[in-house]
Amino acid sequence: MHDIPWPAWPGFFVRVRTSRLEMQEYLEQQLRIVLDGMGDSPPAFRLEFQPPANPEHGDLACNAALQLARHFRRAPRQIAEEIAERLRALPIDSSRIEGIDVAGPGFLNFRFAANYLTSELRELLDRSEDFGRSNAGSGKKALVEFVSANPTGPLTVGHGRNAVLGDTIASLLSWSGWEVSREYYFNDAGRQMRILAASVRSRYTALANPSMGTKTIGSGEDKTTVPESFPEDGYLGDYIVEIARSLFDEHGASLLDADDDTVFKTSAEKCIFEGIVRTLARLGILMDTFFNEKSLYDSGRVWDVVEKLREKGLAYDHEGAVWFKTTEFGKDKDTVLIKSTGEPTYRLPDIGYHVDKLERGFDLAVDIFGADHIATFPDVLNGVESLGYDSDKIDVVIYQFVTLIRGNEPVKMSTRKAQYVTLDELMDEVGEDVTRFFFLMRSSNTHLEFDLKLAREASEKNPVFYLQYAHARICSILRKAEEVSFEFDAQADLTLLSHEAESSLIKELIRFPQTVSRAAETREPHRIANYLRDVAVAFTQFYGHCRIIGESSELASARMSLALATRIVLKNGLSVLGISAPDRM
RNA sequence: GCCCUCGUAGCUCAGGGGAUAGAGCACCGGUUUCCUAAACCGGGUGUCGGAGGUUCGAAUCCUCCCGAGGGCGCCA
């Protein structure tokens with residue numbers, strides 16, 4: 001922190017811009033001087049500031065007196081009074097701090113000079129589309145890995161939460177200055193893909209050879225008729241039949257004698273992946289890289305991991321399998337890395353994959369996982385760490401599952417059984433913006449109850465429309481201004497914005513940068529959603545109380561500036577969330 | 001049995017050491033000669049799951065209990 005020489009002549013530097021942080025630093029300096037004069041503070045004592053919940057309590061509060069009550073063996077209010085008294089005697093720079101009050105149990109409440117708000121607002125307007133961006137992560141690279149569904153079927157509502165969370169966290173990091181890559185990890189080998197291929201082949205065979213018999217599988221309501229050759233645990237979705245049909249259209253019956261399932265696997269994978277990419281694009285999601293698990297075997301990375309773990313005594317042979325000593329890290333059991341069949345479990349490539357991420361030079365690797373992975377990712381972190389990498393660079397965001405409700409019944413989701421609602425169907429019903437917002441408006445940590453019927457019915461009252469409406473309204477004001485040849489003075493005196501609705505809107509708007517930073521640090525996009533609602537509320541109140549067009553020209557221009565500032569914040573905020581900001585609705 | 005997450009208004013959820021715990025939905029009433037009524041204004045609810053503990057101060061931190069969901073595979 002460099003020292004800023006504070007002007008001793010209030011009034012001369014009215015144009016000086018003071019950020020909240022500078023304000024806090026300034027107060028901290030002054031408070032230190034005062035407290036030093038009041039005797040020794042306890043060693044662990046640290047000054048804490050917080051914005052009061054109630055605007056009547058000023059702009060910034062300090063709880064020093066409460067913390068020091070025990071140490072000084074005096075009533076907190078009394079201490080606060082003394083601090084306030086001594087602060088006023090300093091003297092405090094009145095171009096920054098307008099008032100110091102003692103309130104409640106002993107809080108020191110500071111009121112900023114009006115100049116503070118207007119200078120912040122001016123900065124907002126100047127920075128415009130960059131307002132909210134920061135450089136916390138500048139010069140650093142982050143990788144956000146998400147979706148990562150294997151190509152066995154269309155994306156479902158459950159994947160939707162993952163996709164939107166990952167994309168938005170990537171966006172938040174990017175707003176915080178990180179150089180961000182979005183990556184999709186997949187495995188197109190293994191058991192599930194074999195079953196997929198066999199399922200397609202069976203459907204194809206039935207088409208090419210209609211005389212083939214059928215069988216009935218499942219029981220009760222799940223009872224279905226499938227071709228005789230249909231594999232056990234085969235995929236029942238309609239898309240399988242469609243893939244089979246397009247193969248039949250293209251090749252006729254010539255594939256009946258195919259030596260293996262390769263052609264079925266390849267075309268199914270291609271078709272399903274195309275669908276996934278299309279669905280993601282619809283949500284506005286564009287991956288930078290697709291990472292095939294296979295490459296970890298091709299490069300030998302996987303075997304390298306096993307070898308190194310053996311060297312460290314953390315991997316050993318037992319009953320034909322290779323085990324990972326997870327008991328070393330406090331687990332009850334060790335874990336199999338390579339089955340006795342020679343096939344690795346998913347944990348091994350996972351460790352290799354994360355090593356690969358760090359080897360690629362990422363300073364941060366964020367994973368978006370469903371709650372079912374909550375117990376397994378520590379193995380990966382421990383593996384990475386014991387290979388000599390810094391696992392602190394890996395950050396896992398866990399989201400709770402989406403409970404889909406149709407009518408009053410929770411729908412059981414299973415890709416294989418074809419009991420699911422696809423992400424595309426969801427977007428068809430409620431739209432892309434609502435879909436994104438719905439997944440983002442709640443903490444990823446809580447279960448998301450998604451009632452399809454309600455989502456459809458509520459679409460008109462959905463909170464996302466409220467935000468967009470506020471934005472559209474501002475655009476409408478601008479159109480009106482154009483119509484009446486409104487003369488806008490971009491340098492209007494912003495201190496004219498003294499109405500309560502105006503200052504609370506300004507206070508709301510200038511919180512945007514810290515809200516974005518905080519959301520990025522905690523990987524919590526819902527903070528933005530909640531914040532934007534507060535902005536929209538504050539704007540709508542301003543709109544209700546203060547007219548723009550028709551007021552005296554200077555006030556009208558000042559208010560127009562405020563409306564423009566609101567539009568900037570709404571637009572930037574919605575853009576962080578990947579939601580459109582329509583000009584009219 | 002062990003581990004993880006959650007339990008806040010009728011419902012869905014914010015808040016995660018500080019002042020009187022907040023929104024939206026739902027419910028009732030009012031508002032349009034006025035820049036979009038997809039809006040605004042007014043009306044009221046809480047043993048913050050329970051019990052202890054730490055603290056000047058707990059919805060928030062710790063312990064235990066109860067309840068919901070998830071995980072504990074040579075499945076991913």
Side-chain angles (χ1 to χ4, degrees), chain A residues 48 50 52-54 56-57 61 63 65-71 74-77 79 103-107 109 148-150 152 187 190-192 293 318-323 330-333 335-347 349-350 370-378 398-401 403 441-451 454 458-470 472-481 483-484 486 522 526-527 529-531 533-534 536-537 540-541 543-551 556 559-560 563 584-585:
Chain A
E48 289 175 13
Q50 57 197 314
N54 185 341
E56 282 174 28
H57 294 141
N63 62 358
L66 291 127
Q67 288 181 289
L68 292 168
R70 165 172 277 219
H71 178 75
R74 287 168 58 194
R77 247 203 107 95
I79 299 173
F107 285 101
N109 291 333
S148 296
N150 289 337
T152 57
N187 174 16
R191 195 179 113 88
Q192 295 307 315
E293 181 183 313
H318 178 61
E319 292 178 347
V322 181
W323 295 71
K331 287 232 172 174
D332 337 349
K333 305 175 202 166
T335 311
V336 169
L337 283 179
I338 304 175
K339 303 187 233 172
S340 52
T341 60
E343 203 174 356
T345 65
Y346 72 99
R347 229 167 283 240
D350 259 11
D372 52 342
H373 285 75
I374 207 162
T376 67
F377 77 83
I398 296 287
Y399 63 93
Q400 300 295 323
F401 282 125
T403 313
M441 64 189 292
R442 287 185 193 146
S443 153
S444 65
N445 222 342
T446 61
H447 292 95
L448 180 61
E449 205 167 278
F450 205 128
D451 188 329
L454 198 74
S459 65
E460 277 195 0
K461 298 166 190 165
N462 196 296
V464 69
F465 289 112
Y466 185 74
L467 304 186
Q468 293 179 320
Y469 187 63
R473 226 176 200 175
I474 297 168
C475 295
S476 168
I477 295 172
L478 295 177
R479 284 191 294 272
K480 179 77 178 184
E483 225 174 84
V484 301
F486 177 82
T522 59
H526 75 275
R527 290 172 183 274
N530 290 336
Y531 166 75
R533 188 187 28 80
D534 291 344
V537 166
T540 313
Q541 280 165 355
Y543 177 84
H545 287 106
C546 308
R547 283 196 64 80
I548 299 173
I549 295 161
E551 294 291 340
R559 284 182 174 169
M560 186 62 94
R584 59 180 85 224
M585 290 173 73

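A, B, ... follow the sequence lines: proteins, then strands. Residue 1 opens every chain.
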Student: Which is true for S340(A) with a 4.0 Å heavy-atom rule: it touches a base, it touches only sugar-phosphate, or it touches nothing?
Tutor: base
Student: Counting Watson-Crick and G-U wobble pairs only, both distances under 3.5 Å, name the nucleotide matched with C35(B), or none.
Tutor: none
Student: Of H545(A) and K339(A), whose closest RNA chain B nucleotide lies nearer the 5' terminus?
Tutor: H545(A)
Student: What integer distance in Å separates F401(A):CZ from G69(B):C1'?
Tutor: 10 Å
Student: Should U60(B) be called syn or anti, with syn set as within 90° of 0?
Tutor: anti
Student: When you measure from the side-chain N and O atoms of Y466(A) to the phosphate of C40(B), is any distance below 4.0 Å, counting only OP1 and OP2?
Tutor: yes
Student: Considering every strand shown, what is the Watson-Crick or G-U wobble mate of A23(B) when both distances are under 3.5 Å?
Tutor: U12(B)
Student: What string of B, S and - do you get for nucleotides 10-19 of chain B, 5' to 3', if B is base contact, S is sugar-phosphate-only contact and - is no contact with any protein heavy atom under 4.0 Å?
Tutor: --SSSS--BB
Student: Side chain of I548(A) only, heavy atoms from C-beta on: which candidate in G70(B), C56(B), C35(B) is closest?
Tutor: C35(B)
Student: Paired with C56(B): which nucleotide, if any, by Watson-Crick or G-U wobble criteria at under 3.5 Å for both distances?
Tutor: G18(B)
Student: Has Q400(A) got a side-chain N or O lying under 4.0 Å from the OP1 or OP2 atom of C4(B)?
Tutor: no
Student: Does NZ or CZ of R473(A) come closer than 6.0 Å to the centre of the six-membered ring of Y543(A), within 45° of the ring's axis?
Tutor: yes
Student: Hunt down the Watson-Crick or G-U wobble partner of U45(B), both distances under 3.5 Å, from any strand shown, or write none.
Tutor: none
Student: Does the structure show a Watson-Crick or G-U wobble partner for G7(B), both distances under 3.5 Å? Name it, or say none.
Tutor: C66(B)
Student: Taking pairing as Watson-Crick or G-U wobble with both contacts under 3.5 Å, can you name the mate of C75(B), or confirm there isn't one?
Tutor: none
